Amino acid sequence: MGIYVNPGNASFEMSRFSDIYVDKSMLIAQTNRAYRTERRFLCVSRPRRFGKSMAANMLTAYYSRGCESGRLFQGLAIEGQESFPAHLNQHNVIRWDVQRFLDGKRSLDTFIDEIESMVLRDLKREFPECGDFPTGSRLKTVLDEIYGQTGEGFLFIIDEWDCVFRLAKERKEIQKEYLDFLRGLFKGAEYVELVYMTGILPIKKYGEHSALNIFDEYSMTSPKGLGDYFGFTEEEVRRQCEMHGVDYGEMERWYDGYLIGGKHIYNPKSVADALLWKEFRSYWTGTETYEALKVYIERDFDGLKEAVVEMLGGRPCRIDTTTFQNDMTTFKSKDDVFALLIHLGYLSYDESTEEVSIPNQEIAQEYLRAMKTGAWDGLADALNRSEELLRSTWSLDGEAVAEGMSAIHNETASLLKYNDENSLTCTVLMAYYSAKANYMNPIMELPSGKGYADVVYLPKRNTDHPALVVELKWNESAQGAIAQIKDRRYASWIADYTGDILLVGINYDKKSKEHACVIEAWKKEG
């Protein structure tokens, strides 16, 4: 057993017998299918604390000849698969964590040499029959020699593969040297049985092309068939909540929201801590400072700040992820910034609609923290008004709502350029930000058969608050907005889903710079 060649299973054993363990062993069935095929190069990227290292440790414990791991997989789902005994502890595994070789920027110039040196040291111990390797030998040359003499291949597991791109953001020459090292190690090499790389970022692109085009990429924007292994699924979280006596509804509100491969996925770190400590708060985001998020959302791209504000209010934003170069410095538009935030875990991405959104309460709090300073003047004051404005709406106090809207407009004038109805929509989403506690995400432009209601808020289950049908006007009248709701029968389309319904008509007069609001209770026909 070596440190880097045929390592042991101690790391996975600690996870396997921890207080909270969720079985992700069926990932092994996926890697077994890729073994010694054209699909044997896998790069799996997901945010920090989403179980990347645990998966790497599990695969190491399963494949490595340096240990006996049968007992660790007893009772797990993979145990019943036909391929399970065929590969259990039957392979030469080379495993390294890039982050261990990058303890600071001073190590950037030497870390590749150190990786090769440490792996070569273990190879000499594991394969003494292959003779002494000449000083200065490259790793790929030695692996070719071992394969030629013994016919034995290697299975590579590399954790935090992209660490260099995060630490050496501006040092393009180091990045290129590292990519060349990986390309030379894997491309066309017969000794490669399987490569499983995991990190936060997908493989670096130059223009339209990947720098390591032999890899299949499984990421937060394209998980392919591995979505279930990117975090805890809804079913797994429900089961854990029942086992530990924790309220699933609160768990959902705080940590749900990542839509990966069409399924709701939870951050394992946050869920596990909430289960253990029986307290709901920001656990994952506590591992980094809000400064990391602040740097990106203050980028000077047209529409970025407005989109962030709308997402805080529950409105998703459509983006194009294809222009993102998979690094932390190359940004040409707000779409590139948002694509990075998807991979960092600060946004959720819906493949089917190509839309991003702020996933949950935990992440929303991080955005608010980041906005307390910097170029977000007035936003905190505007959001603080939200609860009072919502109560005024429930009380049918249109005058108070109009005053609140005007105040929010004034407080966020530097963020939102009031020039059309879309900007007014953004103000409404901020105004009703506190509705998140009692309402589902707002439905934008709900079709009614005779047009579209601008914004609809449906109450969550087990609440007695009224639904809100909001119609917005620009240089017209609030009463006209109410008339349109009634004439086009917007409310009748949600009558089966809720009890009481309030009709909210809001108008903004560009000349006087004043808002007007009329609120009426809707009565069902017949």
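Remember, predicted model here, so these are calculated numbers, not experimental data.
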Residue of the set Gln479, Glu476, Lys473 for which side chain to side chain donor-acceptor pair (under 3.5 Å) holds with Gln484: Lys473

Test salt bridge (Lys or Arg N to Asp or Glu O under 4.0 Å) applied to Lys52 and Asp159, step by step: CA-CA 8 Å; Lys52 297 187 299 297; Asp159 199 9; over 6 Å; no

Centroid separation Tyr258 to Phe50 less than 6.0 Å: yes

Lys294 and Met371, any side-chain heavy atoms less than 4.5 Å apart: no

Donor-acceptor contact below 3.5 Å, side chain Ser386 vs main chain Ala382: no

Cation-pi check, Lys334 onto Phe301 ring (under 6.0 Å, within 45° of axis): no

Tyr266-Phe232 aromatic ring centre distance below 6.0 Å: no

Test salt bridge (Lys or Arg N to Asp or Glu O under 4.0 Å) applied to Lys269 and Asp273, step by step: CA-CA 6 Å; Lys269 161 70 175 173; Asp273 283 355; 2.8 Å; yes

Neighbour count above 12 (heavy atom, 6.0 Å) for Lys332 NZ: no

Nearest-0.5 Å distance, CE of residue Met311 to SG of residue Cys317: 5.5 Å

Atom pair OG (Ser219) and CG (Asn326), whose distance is rounded to the nearest 0.5 Å: 8.0 Å

Val195 and Leu42, any side-chain heavy atoms less than 4.5 Å apart: no

Asp336 side chain to Thr323 side chain, donor-acceptor N/O pair below 3.5 angstrom: yes

Side-chain donor-acceptor contact under 3.5 Å, Glu242 with Tyr248: no

Aromatic plane relationship, His515 with Tyr508 - under 30° parallel, 30 to 60° tilted, over 60° perpendicular: tilted

Within 6.0 Å of CH2 in Trp277, more than 12 heavy atoms from elsewhere: no

Over 12 foreign heavy atoms within 6.0 Å of CZ, Arg166: yes

Crowding at NZ, Lys460 (>12 non-hydrogen neighbours, <6.0 Å): yes

Inter-residue atom distance Tyr457.OH - Lys436.NZ, 0.5 Å rounding: 9.0 Å

Derivation and outcome, salt bridge (Lys or Arg N to Asp or Glu O under 4.0 Å), residues Arg281 and Glu362: CA-CA 7 Å; Arg281 59 183 180 86; Glu362 180 180 41; over 6 Å; no

Approximate separation, where rounding is to 0.5 Å, of Asp162 CG and Leu201 CG: 4.5 Å

Leu340 side, atom CG; Gln325 side, atom CD - distance, nearest 0.5 Å: 12.5 Å

His409 side chain vs Met405 backbone, donor-acceptor pair below 3.5 Å: no

Whether Tyr178 side chain and Trp161 backbone form a donor-acceptor pair below 3.5 Å: yes

Ring-face cation contact, Trp376 with Lys305, 6.0 Å cut, 45° max: yes

Pair Lys169-Thr330, side-chain donor/acceptor within less than 3.5 Å: no

Nearest-0.5 Å distance, OG of residue Ser392 to CZ of residue Arg385: 11.0 Å

Glu399, CD: over 12 other non-hydrogen atoms inside 6.0 angstrom: no

Exercise: do Thr393 and Tyr432 side chains pair donor with acceptor under 3.5 Å: yes

Backbone of Asp335 reached by a side-chain donor or acceptor of Ser333 within 3.5 Å: yes

Expected output: side-chain Ser348 to main-chain Gly257 donor-acceptor under 3.5 Å: yes

Arg391 vs Glu387, salt bridge (Lys or Arg N to Asp or Glu O under 4.0 Å): CA-CA, chis, key distance, verdict: CA-CA 6 Å; Arg391 293 186 182 279; Glu387 187 169 351; 3.3 Å; yes

Neighbour count above 12 (heavy atom, 6.0 Å) for Lys176 NZ: no

Side-chain H-bond candidate by donor/acceptor type, Ser352 with Asp350, under 3.5 Å: yes

